[in-house]
*Asks:* 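One structure, pasted below without further comment.
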Amino acid sequence: MNSNFNHQAKDGRGEARKVLRCHARLLQKSAPPLVVTTVDISAQGLSVMASENVPPGTSCGIVFETLVKGKSAHIEAVAKVIYSICVGTTGFRVGLQFTDVDPASKTVVNQLLMP
C-alpha cells in the first residue's frame with residue numbers, strides 16, 4: 001500500500017487519507033481569512049496547521065489550489081471544525097469535516113486520493 005495513506009487515526013477519520021502540503025485559506029464569518037497549511041486529506045475531510053485556535057464546531061470555508069496530474073486544480077468546500085489541538089510552538093492542528101463540497105471540487109479530491 002502507498003506510504004502516503006494511513007488508516008484510522010486519532011481524529012476518528014476511518015477512511016484512507018493522503019499527505020497533502022499546500023497553503024490554503026480558512027474562511028470564517030467572524031474573523032478575517034486565516035492562511036493555513038494543509039496536512040492531509042480524505043474523502044470526508046482535511047487537517048491543517050493554523051497559527052490560531054479555531055474552536056470545534058466552527059463552520060468555515062476552505063479554499064486552496066493544488067496539483068493533480070501536473071495541472072493546477074482548485075478546491076473549495078464548507079467544513080466543520082472537529083478538533084483543534086495545540087502542537088507546541090508549531091501552532092494548532094485543526095481537523096475539518098466536509099459538510100458541502102461542490103461537484104468539481106469533489107472530483108479533484110477523488111483524483112487526489114487515487115493511488
*Asks:* May I ask you to decide if Cys86's main-chain N or O and Arg93's side chain share a donor-acceptor pair within less than 3.5 Å?
*Replies:*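 No, because the side chain of Arg93 does not come within donor-acceptor range (under 3.5 Å) of the backbone of Cys86.
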
*Asks:* For Leu26, which of Val81, Thr58, Val36 qualifies under side-chain contact (heavy atoms from CB on, under 4.5 Å)?
*Replies:*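 In the set Val81, Thr58, Val36, the residue that makes a side-chain contact (heavy atoms from CB on, under 4.5 Å) with Leu26 is Val36.
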
*Asks:* Knowing that exactly one of Val94, Val78, Leu96, Thr99 qualifies, which makes a side-chain contact (heavy atoms from CB on, under 4.5 Å) with Cys60?
*Replies:*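 In the set Val94, Val78, Leu96, Thr99, the residue that makes a side-chain contact (heavy atoms from CB on, under 4.5 Å) with Cys60 is Leu96.
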
*Asks:* Could you list who else is in Leu27's hydrophobic cluster, with ILVMFWY side chains joined at under 4.5 Å, directly or through other members?
*Replies:*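 Grouped by the 4.5 Å side-chain rule, Val63 form the rest of the cluster around Leu27.
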
*Asks:* Please determine whether the number of non-hydrogen atoms from other residues, nucleotides or ligands lying under 6.0 Å from atom NE2 of His74 exceeds 12.
*Replies:*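 For His74, atom NE2 is crowded (more than 12 foreign heavy atoms under 6.0 Å).
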
*Asks:* Kindly say whether Met49 contributes a backbone atom to a donor-acceptor pair with the side chain of Thr37 at under 3.5 angstrom?
*Replies:*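 Checked: no pair found.
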
*Asks:* Nearest 0.5 Å, please: how far is CG in Leu34 from CG in Asn53?
*Replies:*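 Nearest 0.5 Å value for the CG-CG distance: 10.5 Å.
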
*Asks:* Donor-acceptor pair, distance only, cut-off 3.5 Å: does the side chain of Lys18 make one with the backbone of Leu112?
*Replies:*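 Looks like yes, one N/O pair under 3.5 Å.
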
*Asks:* Ignoring hydrogens and angles, tell me if any N or O in the side chain of Thr38 forms a donor-acceptor pair with the backbone of Leu20 under 3.5 Å.
*Replies:*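 Here the side-chain-to-backbone pair exists.
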
*Asks:* Rounded to the nearest 0.5 Å, what separates atom CD in Glu76 from atom CG in Asp100?
*Replies:*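 Here the rounded value is 10.0 Å.
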
*Asks:* Pairs in or reaching into residues 103-115: which pass side-chain hydrogen bond (donor to acceptor under 3.5 Å, both in side chains), with residues at least two apart or in two chains?
*Replies:*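 Sorted result for residues 103-115: Asp102-Ser105.
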
*Asks:* Other than Val35, what residues sit in its cluster of Ile, Leu, Val, Met, Phe, Trp and Tyr side chains whose heavy atoms are under 4.5 Å apart, directly or through others?
*Replies:*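 Besides Val35, the cluster holds no residue at all.
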
*Asks:* Flag yes if Leu113 and Ile62 sit in one hydrophobic cluster, no otherwise; membership is Ile, Leu, Val, Met, Phe, Trp, Tyr, and two members link when side-chain heavy atoms are under 4.5 Å apart.
*Replies:*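 Cluster IDs for Leu113 and Ile62 match.
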
*Asks:* Would a single hydrophobic cluster contain both Val39 and Val87, if residues Ile, Leu, Val, Met, Phe, Trp and Tyr are joined by side-chain heavy-atom contacts under 4.5 Å?
*Replies:*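 Looking at the clustering, Val39 is in the same group as Val87.
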
*Asks:* Grab the two heavy atoms, one from Phe64 and one from Ala24, that are nearest each other, plus how far apart they are.
*Replies:*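 Shortest heavy-atom separation between Phe64 and Ala24 comes out as CB-CB, 3.5 Å.
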
*Asks:* How close do Pro56 and Ser84 get, heavy atom to heavy atom, and via which atoms?
*Replies:*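 What the structure gives for the nearest pair is CG-N, 4.3 Å.
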
*Asks:* Identify the two heavy atoms, one from Phe98 and one from Ala77, that lie closest to each other, and give their separation to 0.1 Å.
*Replies:*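 Heavy-atom minimum between the residues: CD2-CB, 3.9 Å.
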
*Asks:* Is Ile41 linked to Phe92 within one hydrophobic cluster, defined over Ile, Leu, Val, Met, Phe, Trp and Tyr using a side-chain heavy-atom separation of less than 4.5 Å?
*Replies:*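 Cluster IDs for Ile41 and Phe92 match.
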
*Asks:* Looking only at non-hydrogen atoms, find the nearest pair between Ser42 and Val109 and report the distance.
*Replies:*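 Of all heavy-atom pairs spanning Ser42 and Val109, the closest is O-CG1, 3.8 Å.
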
